[in-house]
> 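Sending over a structure as structure tokens; questions will come in a sec.
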Amino acid sequence: MVRFDRVSKRYPSGNEALSGVSFELARGEMAFLTGHSGAGKSTLLKLMMRMEVPTRGEVIVDGSNLSRLREGLVPYHRRKVGVVFQNHQLLFDRSVFENVALPLLIAGTSLKETGRRVRAALDKVGLLGKEKLNPIQLSGGEQQRIGIARAVVNKPALLIADEPTGNLDPELSAEIMNLFSQFQQVGVTVLIATHDIALVERMNKRRLILQDGQMIEGHQFNSGASHV
Ligand code: ADP
Ligand code: ADP
């Protein structure tokens with residue numbers, strides 16, 4: 001589903017954020033991406049969303065080589081990737097329904113189909129019945145669930161999250177991680193960048209570790225049996 005082949009990324013202004021990073025994620029696999037602040041985690045996720053392009057190497061997602069993807073096809077690529085942010089980036093002047101419906105609105109989905117899909121997504125995150133509320137009326141954990149519902153409403157094949165539990169207590173964080181596991185169980189490929197090592201250890205999933213832009217663990221290609 002995802003293949004990084006000797007990917008390096010140097011921002012115009014600075015040092016190399018990623019150096020020679022190679023790894024693969026199989027379809028339906030779930031993995032964590034860890035590493036110190038500045039290690040390159042966000043850069044790696046941005047490359048998968050085609051928000052950045054590599055300086056060297058190849059990023060292939062769902063069969064598309066993102067370095068060679070025509071500009072006009074970028075929006076179609078983005079629709080294949082659901083993204084969850086730490087601060088959930090919700091619109092607080094819109095209802096829960098409208099927040100979750102946003103990607104469908106952008107994609108031009110019909111109203112009827114939008115209603116059906118938004119309810120299905122809210123059901124998946126345990127928020128059915130709250131669609132008329134404003135996100136401000138919900139707890140931090142529930143707000144993060146809205147963000148997850150919005151990320152999956154398009155049924156993306158790939159779900160990526162950047163510190164999705166950064167502001168949550170351990171119990172809520174575990175619930176959010178279990179939600180991600182549930183999406184994995186229906187075939188979604190999931191990659192979660194996080195600082196929360198304790199949580200990662202409890203989840204017993206594959207771990208990719210970045211250090212100063214290099215992948216020091218978990219970079220084996222999946223054809224072999226050895227997973228870290
Ligand atoms: P992490 O998510 O692990 O904290 P980042 O990918 O955000 O790491 O950053 C990796 C390195 O790239 C850091 O040194 C950071 O300062 C630098 N960096 C990130 N984004 C930019 C940017 N837009 N322009 C210049 N340097 C950047
Ligand atoms: P829909 O009615 O929209 O087809 P269903 O309720 O029938 O959805 O069951 C599929 C559910 O499984 C979706 O609501 C979704 O939460 C989950 N699902 C299946 N495949 C994916 C995917 N690729 N990405 C995200 N969620 C998925």
Side-chain angles (χ1 to χ4, degrees), residues 1-25 29-61 64-69 71 74-75 77-78 80-90 140 143-144 147-148 150-151 156 158-168 170 172-173 176-177 179-180 188-203 205-220 227-228:
M1 183 69 206
V2 175
R3 183 186 176 99
F4 273 56
D5 190 9
R6 287 162 288 172
V7 170
S8 297
K9 174 65 185 177
R10 182 187 297 277
Y11 289 105
S13 54
N15 332 344
E16 224 165 45
L18 292 176
S19 310
V21 168
S22 298
F23 71 96
E24 271 188 0
L25 282 179
E29 186 171 23
M30 174 165 167
F32 288 103
L33 178 63
T34 64
H36 60 87
S37 176
K41 303 183 294 297
S42 297
T43 299
L44 190 148
L45 297 184
K46 283 177 186 165
L47 288 168
M48 287 166 65
M49 292 152 66
R50 185 45 168 80
M51 282 174 62
E52 296 288 351
V53 286
T55 313
R56 282 194 309 281
E58 307 211 307
V59 175
I60 295 162
V61 175
S64 300
N65 186 328
L66 298 188
S67 311
R68 299 199 204 116
L69 195 66
E71 269 321 302
V74 170
H77 170 68
R78 297 255 169 88
K80 288 189 206 167
V81 186
V83 185
V84 178
F85 302 95
Q86 172 173 2
N87 54 11
H88 16 83
Q89 306 207 344
L90 300 175
Q143 288 179 9
Q144 190 53 290
I148 295 171
R150 183 183 52 193
L158 174 64
L159 185 55
I160 65 184
D162 201 352
E163 297 287 350
T165 61
N167 295 322
L168 301 177
L172 284 176
S173 298
I176 293 292
M177 290 304 179
L179 259 183
F180 283 114
V188 182
T189 308
V190 183
L191 182 64
I192 302 171
T194 181
H195 273 108
D196 195 339
I197 303 298
L199 194 55
V200 170
E201 280 171 355
R202 267 192 283 154
M203 294 292 295
K205 301 278 184 195
R206 182 170 168 210
R207 245 170 107 173
L208 306 171
I209 305 178
L210 283 172
Q211 184 174 28
D212 298 328
Q214 296 192 319
M215 196 160 276
I216 57 166
E217 215 173 297
H219 54 280
Q220 285 90 345
H227 267 200
V228 174

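All ligand and atom numbering here is 1-based and tracks the order in the structure. Worth saying up front: this structure is predicted, and the values here are computed from it rather than measured.
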> Going by the rule side-chain hydrogen bond (donor to acceptor under 3.5 Å, both in side chains), which residues pair with Gln214 if we only count those two or more places apart in sequence or in a different chain?
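side-chain hydrogen bond (donor to acceptor under 3.5 Å, both in side chains) list for Gln214, sorted by chain: empty.
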> List the residues meeting side chain to side chain contact (heavy atoms under 4.5 Å, CB included) with Val74, not counting sequence neighbours, and say none if there are none.
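Testing Val74 for side chain to side chain contact (heavy atoms under 4.5 Å, CB included), a comparison that skips the adjacent residues, returns Arg50, Leu69, Glu71, Arg78.
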> Where the side chain of Lys41 meets the backbone of His36, is there a donor-acceptor pair that is under 3.5 Å apart?
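At least one qualifying donor-acceptor pair exists.
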> List for me each residue that meets side-chain hydrogen bond (donor to acceptor under 3.5 Å, both in side chains) alongside Asp162, sequence neighbours excluded, and say none if there are none.
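Checked Asp162 against side-chain hydrogen bond (donor to acceptor under 3.5 Å, both in side chains); matches are Ser42.
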> On a heavy-atom basis, which atom in Val59 and which in Val7 lie closest, and how many Å separate them?
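The pair with the smallest heavy-atom distance is CG2-CG2, 3.8 Å.
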> Applying a heavy-atom distance cut-off of 4.0 Å, which protein residues contact ligand 1?
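Ligand 1 pocket, heavy atoms under 4.0 Å: Tyr11, Ser13, Ala17, His36, Ser37, Gly38, Ala39, Gly40, Lys41, Ser42, Thr43.
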> State whether Lys205 and Glu29 are salt-bridged, where the test is any N-O pair (Lys NZ or Arg NE/NH1/NH2 against Asp/Glu carboxylate O) under 4.0 Å.
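Not counted as a salt bridge, because no side-chain N and carboxylate O are separated by less than 4.0 Å.
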